[in-house]
Asks: 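One structure is given below, represented as structure tokens, and several questions about it will come after.
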Amino acid sequence: MSKDNSANILQEIISHAKEYGFVFPSSEIYDGLGAVYDYGQYGVELKKNIQDYWWRSMVQLHENIVGLDAAIFMHPKTWKASGHVDAFNDPLVDNKDSKKRYRADVLIEEAIVKMEDKITKEVDKAAKKFGETFDKAMFLQTNPNVLRNKEKITATEARFKAALEANDMAELRQIIIDLEIVCPISGTRNWTDVRQFNLMFSTQVGAVADESETIYLRPETAQGIFVNFLNVLNTSRQRIPFGIAQVGKAFRNEVVARQFIFRTREFEQMEMQFFVRPGTEMEWYNKWKETRMAWHKSLGFEESGLKFKDHVKVAHYANAAVDIEFNFPFGYKEIEGIHSRTDFDLTQHQNLSGKKLQYFDPELNESYVPYVIETSIGLNRTILAVLSNSYQNEKLEDGTERVVLKFPPFLAPIKAAILPLVKKDGLPEKAREIMDELKYDHLCFYDEKDSIGKRYRRQDAIGTPFCITVDHDTLTDNKVTIRDRDTMTQERVAISELRRIVGEKVDWRKAGR
RNA sequence: GCGGGAGUAGCUCAGCUGGUAGAGCGACAGCCUUCCAAGCUGUAGGUCGCGGGUUCGAACCUCGUCUCCCGCUCCA
């Protein structure tokens, strides 16, 4: 697929999502707010259905997983403990010629490594020259080249450290210039100013500014689970291994937030932290890897549209990490991450809070800080995946086209449309009767406007799996036709059977089958 | 932030060498219709992203500005 074509498909999906009430750009009447989106009448249903399905799959189907809904605001120390305060304050700098962006601290660190390499080379050279008589310790202490480089490293590190601690961006830039660091792409030293990038949004707690305290909007939901570990452990009668699941908003000041609802500054995560005995973490890591992949397949995603991608470089809190990637219109991108977080978070919280965050294991007769396997999926990304997987512009045999969203029935916003064939002869009244009965089980849609074909296509466009049509025969035989969205075929069934038939077809147990 | 593209009706877009806005689809109301968007009638909806300049006159030329989309580093 060409890049143009795939870009067009994303554009089509964005237009369709807006036109049919799935996703609207935020604050559109004020020219919009970049990379923020609102979910419309059908979007909110789709979102809720995906969320419910995840919750049921994780909490309802696993006796050893319980739910939690922790607040977005958390004690500031939380983020000190988690490492977010220190690890996600990246100074960024651009090379004006190559247009490439770098982390200023990484550039400087790399430069320091280069200096160290120089020393190593000098030592190797000398070792060759002097052979067996070579005294490495002596050489390191006396060789002028080595000493000069050593001095440079020490000086640079001191400057670097001081600049980082003082948050002095101008000084960081000056270090880059003084070290004569060049862009590996363009080879030039044409650098922009260094700018601080803060991952976390901060805000003030307290109505009076003077008395207020800066707190953060959580950048991940996980920490709410960790700080409640003891509370849940003490009240849920769960024993290790067990998990805590949570769905909620998280906020990150992304450098660039793009690609529709794929990467936004405000987003929703569906996370589960699974606490295990140390030493068994890889076993559970692999189990959750497979379990989560199977879940994605159950959404009707093509097997070829999903793949694992191991992290080469893992985050500061993890010892293993893998992404589940989905083939979006713009390529394979991460939709879920599975991390082995070790005992990093609980240990950190234990240290900072002074509370013992441990589990007494009766089998081992000892206490330990549990290890954690995290599954973390982006709800908004899943919505986009479901949308792009479902969106189809079909060419029909009769030469016409139709746009249809082939959602798995259990995810569809509207489960059934109730349509009187014509708007007279008592058909609307009969259709209303059916509507009033079915609406207690499912979200249904009543429509009597325009030709029946037009109404079918309207429902196709929002992914309604079933259209129930009341015709003249219905008045005497109490039967209706039920039209299948995907095959467009119809079946005549008794009204009394509708609840059962629709109920079975939209049952989430059907997922993946 | 840098580079590229684009802003005209809800959506997709047209609008000539500048002469103060149009289509299709959609929406709404009604008519007609016994099953797959294309029958008929009517209605609503736009200070052409915003501001300045040139001009008798700007959607169109010019300058500035804003917003959105795509790419780059970060991540669910």
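Since the model is a prediction, treat every value here as computed from it, not as a measurement. Every chain is numbered from 1, with letters handed out A, B, ... down the list of sequences.
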Asks: Got A:W54 and A:T382 here, is their nearest side-chain heavy-atom distance under 4.5 Å?
Replies: no

Asks: Check this for me: A:Y216, atom OH, are more than 12 non-hydrogen atoms of other residues, nucleotides or ligands nearer than 6.0 Å?
Replies: no

Asks: At under 4.0 Å between heavy atoms, what does A:F22 touch on the DNA or RNA strands: base, sugar-phosphate, or nothing?
Replies: nothing

Asks: Remember a base hit wins even if backbone is also touched, and classify A:E336 as base, sugar-phosphate or nothing at under 4.0 Å, heavy atoms.
Replies: sugar-phosphate

Asks: What stems, by residue range, does RNA chain B take part in, given at least 3 consecutive Watson-Crick or G-U pairs under 3.5 Å?
Replies: B:1-7 with B:66-72, B:10-13 with B:22-25, B:27-31 with B:39-43, B:49-53 with B:61-65

Asks: I want to know whether A:F22 and A:Y20 have ring centres closer than 6.0 Å.
Replies: no

Asks: Look at A:E429 together with A:R432 and state whether they make a salt bridge at an N to O cut-off of under 4.0 Å.
Replies: no

Asks: Do A:R402 and B:rC36 have a side chain to base donor-acceptor pair shorter than 3.5 Å?
Replies: no

Asks: Could you give the CG-to-P distance, from A:D323 to B:rA76, as a whole number of Å?
Replies: 7 Å

Asks: State whether A:T382 places a side-chain N or O below 4.0 Å from either non-bridging phosphate oxygen (OP1 or OP2) of B:rA76.
Replies: no

Asks: Which value, in whole Å, describes the distance between the P atoms of nucleotides B:rG15 and B:rG52?
Replies: 27 Å

Asks: Inspect the contact between A:R402 and A:D460 and indicate whether a charged nitrogen and a carboxylate oxygen are less than 4.0 angstrom apart.
Replies: yes

Asks: Rounded to whole angstrom units, what separation is found between the CG atom of A:D447 and the C1' atom of B:rC35?
Replies: 14 Å

Asks: Quick one: what's the B/S/- string for nucleotides 24-34 of chain B, heavy-atom cutoff under 4.0 Å, read 5' to 3'?
Replies: --SS-BB--BB

Asks: Taking CD from A:Q246 and C1' from B:rA76, how many angstroms apart are they, rounded to a whole number?
Replies: 14 Å

Asks: Mind checking the P distance from B:rG22 to B:rU47? Whole angstroms is fine.
Replies: 15 Å

Asks: Is it the case that more than 12 heavy atoms not belonging to A:F308 sit under 6.0 Å from its CZ atom?
Replies: yes

Asks: Could you tell me if A:R483 sits above the aromatic ring of A:Y456, with its cationic atom closer than 6.0 Å to the ring centre and no more than 45 degrees from the axis?
Replies: yes

Asks: At less than 3.5 Å, do the side-chain atoms of A:S15 and the base atoms of B:rC11 form a donor-acceptor pair?
Replies: no

Asks: So A:T291 and A:T375, side-chain contact (heavy atoms from CB on, under 4.5 Å) or not? Walk me through it.
Replies: CA-CA 10 Å; A:T291 305; A:T375 72; over 6 Å; no

Asks: Measure CG/A:D460 against P/B:rA37 and give the value in whole Å, please.
Replies: 10 Å

Asks: Nearest to the side chain of A:K18, which nucleotide is it out of B:rC11, B:rC69, B:rA76?
Replies: B:rC11

Asks: Between A:Y37 and A:I261, which residue's closest nucleotide on RNA chain B lies nearer the 5′ terminus?
Replies: A:Y37

Asks: Between B:rA37 and A:Y456, is there a base-stacking contact, meaning the centre of the base's six-membered ring lies under 5.5 Å from the residue's ring centre while the planes stay under 30° apart?
Replies: no

Asks: Checking salt bridge (Lys or Arg N to Asp or Glu O under 4.0 Å) for the pair A:K309/A:E334: CA distance, chi angles, key distance, verdict?
Replies: CA-CA 8 Å; A:K309 188 177 176 200; A:E334 176 181 11; over 6 Å; no

Asks: For A:K289, does the NZ atom sit with more than 12 other heavy atoms under 6.0 Å from it, leaving out its own atoms?
Replies: yes

Asks: Here's a test of your reading of the structure: between A:S376 and A:T469, which maps to the more 5' nucleotide of RNA chain B?
Replies: A:T469

Asks: Select base, sugar-phosphate, or nothing to describe what A:I335 touches, counting heavy atoms under 4.0 Å on all strands.
Replies: sugar-phosphate

